[in-house]
*Asks:* 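Structure provided below as structure tokens; questions to follow.
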Amino acid sequence: MTYSDPAIWLPFVFAALMGAAILIYVVLDGFDLGVGVLFPFADKDEQDRMVASIGPFWDANETWLVLAIGILLVAFPTAHGAILTALYLPVAVMLIGLILRGVAFEFRAKAPPARKDMWNLSFWAGSLMTSLSQGYMLGLYIMGLESTPATQAFATLTAVFLTVAYSFIGATWLILKTEGALQKKAVDWAKGGIWGVVLGLGAVSLATPFVSQRIWDKWFSFPEIVMLAPLPLGSALLIAGLWVALRRLPTADDSFAGLPFLGAVALFALAFGGLAYSFYPYVVPEQITIYEAASAPESLMIIFVGTLVVLPMILGYTVLAYTVFRGKATALSYE
Amino acid sequence: MDTLILSRIQFGANISFHILFPTITIALGWVLLGFKLAYNRTGAEKWMDAYRFWVKIFALSFGMGVVSGITMSFQFGTNWPGFMEAVGNIAGPLLAYEVLTAFFLEAVFLGIMLFGASRVPGWLHTLATFLVAFGTTMSAFWILVLNSWMHTPAGFEIRDGVAYATDWFAVIFNPSMPYRLAHMLLASGLTVAFLIAGVSALRWLWGERSAQVRATLRTGLVMGAALIPIQIFAGDMHGLNTLEHQPAKVAAMEGNWETRGNVPLLLFALPDEEARENRFEVGIPNGASLILKHHADGVVPGLNDFVAEDGTVEHPPVVPLFFSFRIMVATGFAMLLLSWAGVYFMARKRRGIEGLPKPLLYALVPMALSGWLATLAGWYTTEIGRQPWLVNGVLTTEAAVADVPAPMVLGTLIAYLVVYAALLFAYLGVIFYLSRKAAKGEAPEERIALAPLAQAQVAAE
Ligand code: HDD
Ligand code: HEM
Ligand code: HEM
């Protein structure tokens, strides 16, 4: 078998695509889930502006989750069943969370004013449930999808850390999209959140190599260790840079307001890269590789061709949407 | 109850909840585009008012459709892993094309359609509205291709228990696909027509006399009157197609036990599966033979043909099919009667809406939800009629189910049911509330009482 064999390169390409979709999802829905998690810390008027800052985007952001799970489903059918049945309950909690927050966008604006508090609560609770359950699933996945008290404890830890990480990137988004008192608040939230990110990255990095000898070898042997070094070093530099930047924000003329968000995106990307490197070539940790789980090459080919044509268009109009709604979040109206 | 039956109930409950909203968004997107174009052409403010009112209901329905749809796509993995393992090579690409060509299109342009009117040029806003409508229709196309393939699989071969596509054209244009797609798109159009007519009738009865409510009441009635004959015709064709490919399903729908000629069209009966006969039959002589075979002594297949030597029943359960089919057809004829009566009264002496008699207006109000009833009844007929197969002749439902503990499925099932019931209640409540407000003539934007500064910043809608 060589790399020109479609049974080799197609699964790899689809694993890369799925990775990209998950990363884009975690960044994009990460910030809007984070905004939801931060809801109780803002007053009523600020809450409206926070929703306005994500209103036009959240639906498309969530579609990346559908794409990621779709690729898992269509490209790696056996893995799909194994992963999702092992995560049955957290998936259900996440879905109910997504439902509660997704409908709240519409209901809080359209239901009778007296109900608005209830829908705000549903928005917050849904965002929290979603973030926590995603973090929990991440933890269990790292632990090889095994449920023992120890792995569950670790998963609980990652649940909390991912939620904090989401609120961190959410806060940096608000720094970019808002002004005035709310922007100042967002800077404070980001300063708090960054410690959660540090702890979370640390915990996952410490735990991962201990879960499997294979990952340990992948990390701590020569020359891999040299090639991997940029990941932790880059993350440390980014965190230091973010900390310095957050202390100086907001600037008088609102310059550099986008910097923390970009930094947060880079940080998420590095962390994700580290995980992807560790688990490759497994899609179900230590059990099923992407090559074993892949669908028939003919079927993958059909999807691959479609993806080549459609993905650039999707990226194109996603950019269009972010351009149309650039600038500070103000009125969200149908007019 | 075991995992299989609980998973089936859960899937049925989820998809039933989901389909309520796509049924509305698929056609309402096009209707909104129509309102927008009518406004662009005539400049009449009533069309823009109609757009503003119905785009809210569209946005709300869309949100409900999205969140329940995400639940659906996870269920394949959490509850039916055997489905993708056996037919993933075929279902996979179809679902992937749905995400790529439909979901992103809808989701991205929805933002511009809803909130972009003041930020983009008029043509781009109209284009965004078009793309959202187009996206929802594409998504219906792909999912119905898959669903039709599950009923009438074609263009594949089985190797080691796994399906491999041999001819994608045959997979996509499988025998029941054109009928199902046409029937479902028409169902969506009818659901929206009667929803618009019903809500407008309610607003009229509450005393609203705006140009907008006249325009939408007329639109709904005319649209319904135009679509329903086509739907009845399409449904008949669909039934003939099913007779060819899934005769047991048709036998159950007709409640016909013995294969014979001169079969009556049963208007009512109580099928008894133990005794394998009907009680209290009321029927039109030769009706079923005429409809299905086009002559009075046409031979129609009976259920008893689908019982194995050892007595194992190999046809779907009769009672639910028999009744859900009748509910759908009866609703269809109620739609025919009401919409044609409405158009007749409007045309008579050219009196327009003023010519509609009160009882007709009252009857239209509950009919607002008739599309939902017929659509659900239709899907129940179709899907239960496929049992015990998940993919007809290829994979049984039982073989696809996940081995998760039954109490876990029961727990999630209850959670979904509670959430869905609450949301359905809230959804109908908001439609009612928005209608009430419109009937009182309140402009929607004046509603949120905020501090003056905040008001400038957030209309939050
Ligand atoms: C005939 C139409 C139809 C049918 C039978 C289904 N859907 Fe659906 N679905 C739509 C028509 C639709 C739609 C009109 O395209 C929706 C409704 C609102 C929306 O955003 O798109 C949608 C939304 C929607 C979404 C959210 C898309 C987004 O993020 O924008 C997902 C993931 C699914 N569906 C998945 C499913 C699955 C797995 C189904 C079957 C098992 C299913 N749908 C049946
Ligand atoms: C949209 C309208 C639909 C409705 C209302 C609907 C309803 C139902 C119902 C009531 C059942 C249970 C039948 C039984 O167990 O007796 C069922 C089964 C099933 N349907 Fe559908 N369905 C719809 C569309 C689809 C589509 C589009 C797909 C897939 C592409 C699908 C896939 C399935 C599967 C996998 C089952 C097996 C699980 C089960 O038996 O419950 N359905 N559906
Ligand atoms: C009045 C005449 C009608 C007839 C003769 C008719 C016929 C049929 C038949 C035979 C099926 C089952 C197809 C199969 O699975 O093999 C079906 C399904 C269905 N019907 Fe109808 N129908 C009628 C009216 C309606 C109306 C008024 C609606 C909705 C507004 C509707 C919505 C549906 C839906 C959503 C399905 C399931 C999807 C499908 O298989 O197409 N039908 N219809």
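All of these numbers come straight from a predicted model, not from anything done at the bench. So that the names make sense, note that chain A is the first sequence line, chain B the second, and so on, each numbered from 1.
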*Asks:* I'd like to verify something: which residue of A:Val103, A:Ile314, A:Leu87, A:Leu65 has the highest number of heavy-atom pairs under 4.5 Å with chain B?
*Replies:* A:Ile314
*Asks:* For A:Trp64, which atoms come within 4.5 Å of any heavy atom of chain B: side chain, backbone, both, or neither?
*Replies:*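 Backbone plus side chain of A:Trp64, per the 4.5 Å heavy-atom cut-off to chain B.
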*Asks:* What part of A:Ile71 is in contact with chain B, defined as an atom under 4.5 angstrom from a non-hydrogen atom: side chain, backbone, both or neither?
*Replies:* neither
*Asks:* Can you say whether the rings of B:Tyr420 and B:Phe17 are parallel (under 30°), tilted (30 to 60°) or perpendicular (over 60°)?
*Replies:* parallel
*Asks:* Would you mind telling me which of A:Leu89, A:Thr318, A:Asn61 has the largest number of heavy-atom pairs within less than 4.5 Å of chain B?
*Replies:* A:Leu89
*Asks:* Could you look at B:Leu131 and say if it's the side chain, the backbone, both or neither that has a heavy atom under 4.5 Å from chain A?
*Replies:*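 For B:Leu131, there is no contact with chain A at all, as no heavy atom is under 4.5 Å.
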*Asks:* Answer yes or no: is there a donor N or O on one side and an acceptor on the other, between the side chain of A:Ser122 and the main chain of A:Met118, under 3.5 Å?
*Replies:*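 Checked: no pair found.
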*Asks:* Taking the six-membered ring for Trp, are B:Phe21 and B:Phe62 closer than 6.0 Å centroid to centroid?
*Replies:*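 Between B:Phe62 and B:Phe21, which both carry aromatic rings, the centre distance is not below 6.0 Å.
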*Asks:* Under a 4.5 Å heavy-atom cutoff, which of B:Ala96, B:Ala91, B:Ala165 has the most pairs with chain A?
*Replies:* B:Ala96
*Asks:* Identify which part of A:Leu98 has an atom lying under 4.5 Å from any heavy atom of chain B, answering side chain, backbone, both or neither.
*Replies:* both
*Asks:* Please look at B:Tyr97 and chain A and tell me whether the side chain, the backbone, both or neither of the residue comes under 4.5 angstrom of a heavy atom of that chain.
*Replies:*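 Side chain only.
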*Asks:* For chain A, which candidate among B:Val120, B:Val419, B:Leu423 shows the most heavy-atom pairs at distances under 4.5 Å?
*Replies:*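 The candidate making the most pairs under 4.5 Å is B:Leu423.
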*Asks:* Under 4.5 Å heavy-atom distance to chain A, tell me which part of B:Leu110 shows up: side chain, backbone, both or neither.
*Replies:* side chain
*Asks:* Please report the shortest heavy-atom distance between B:Ala102 and B:Gly135, naming the atom on each side.
*Replies:* CB-O, 3.5 Å
*Asks:* Taking atom CZ of A:Phe12 as the centre, report whether more than 12 heavy atoms of other residues, nucleotides or ligands fall under 6.0 Å from it.
*Replies:* no
*Asks:* Heavy-atom pairs under 4.5 Å with chain A are the metric here; pick the option from B:Val162, B:Leu124, B:Val430 that has the most.
*Replies:* B:Val430
*Asks:* I'd like to verify something: which residue of B:Gly429, B:Gly111, B:Ala415 has the highest number of heavy-atom pairs under 4.5 Å with chain A?
*Replies:* B:Gly111
*Asks:* With respect to chain A, which residue among B:Val404, B:Ile90, B:Leu94 yields the maximal number of heavy-atom pairs within a distance under 4.5 Å?
*Replies:* B:Val404
*Asks:* Can you give the donor-acceptor pairs under 3.5 Å from side chains of residues 306-313 of chain A to other protein atoms, not counting sequence neighbours?
*Replies:*
residue: A:Thr307; atom: OG1; partner: A:Ile303; partner atom: O; Å: 2.6

*Asks:* Hey, is the main chain of A:Ser131 close enough, under 3.5 Å, to the side chain of A:Gln134 for a donor-acceptor pair?
*Replies:* no
*Asks:* Do you know which of B:Gly82, B:Gly88, B:Pro93 has the most heavy-atom pairs with chain A at a distance under 4.5 angstrom?
*Replies:* B:Pro93
*Asks:* For chain B, find which of A:Tyr88, A:Trp58, A:Phe57, A:Phe107 contributes the most heavy-atom pairs closer than 4.5 angstrom.
*Replies:* A:Tyr88
*Asks:* Please say whether more than 12 non-hydrogen atoms of neighbouring residues, nucleotides or ligands are located less than 6.0 Å from CD in A:Glu146.
*Replies:*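 Incorrect, the count does not exceed 12.
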*Asks:* Answer with side chain, backbone, both or neither: which region of B:Phe432 has an atom nearer than 4.5 Å to a non-hydrogen atom of chain A?
*Replies:* neither
*Asks:* Heavy-atom count check: over 12 atoms from other residues, nucleotides or ligands less than 6.0 Å from B:Phe134 CZ?
*Replies:*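 No.
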*Asks:* For B:Thr412, which atoms come within 4.5 Å of any heavy atom of chain A: side chain, backbone, both, or neither?
*Replies:* side chain
*Asks:* Checking heavy atoms, do the side chain of B:Val409, its backbone, both or neither come under 4.5 Å from chain A?
*Replies:*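 B:Val409 touches chain A through backbone and side-chain heavy atoms alike.
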*Asks:* Of all the heavy-atom pairs spanning B:Asn89 and B:Ala163, show the shortest one and how long it is.
*Replies:* ND2-O, 3.1 Å
*Asks:* Can the ring centroids of B:Phe35 and B:Trp54 be said to lie less than 6.0 angstrom from one another?
*Replies:*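 They do not qualify: ring centres at least 6.0 Å apart.
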*Asks:* Let's go through B:Trp142 and B:Thr101 carefully: what are the C-alpha distance in whole Å and the side-chain angles of both, what is the deciding distance for side chain to side chain donor-acceptor pair (under 3.5 Å) to 0.1 Å, and is it a yes or a no?
*Replies:* CA-CA 9 Å; B:Trp142 288 114; B:Thr101 62; 3.0 Å; yes
*Asks:* Quick check on B:Val108 against chain A: is it the side chain, the backbone, both or neither that has a heavy atom closer than 4.5 Å?
*Replies:*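 Answer is both: backbone and side chain atoms of B:Val108 are under 4.5 Å from chain A.
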*Asks:* Check each atom of B:Tyr427 against the heavy atoms of chain A and say whether the ones under 4.5 Å are side chain, backbone, both or neither.
*Replies:*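 Backbone plus side chain of B:Tyr427, per the 4.5 Å heavy-atom cut-off to chain A.
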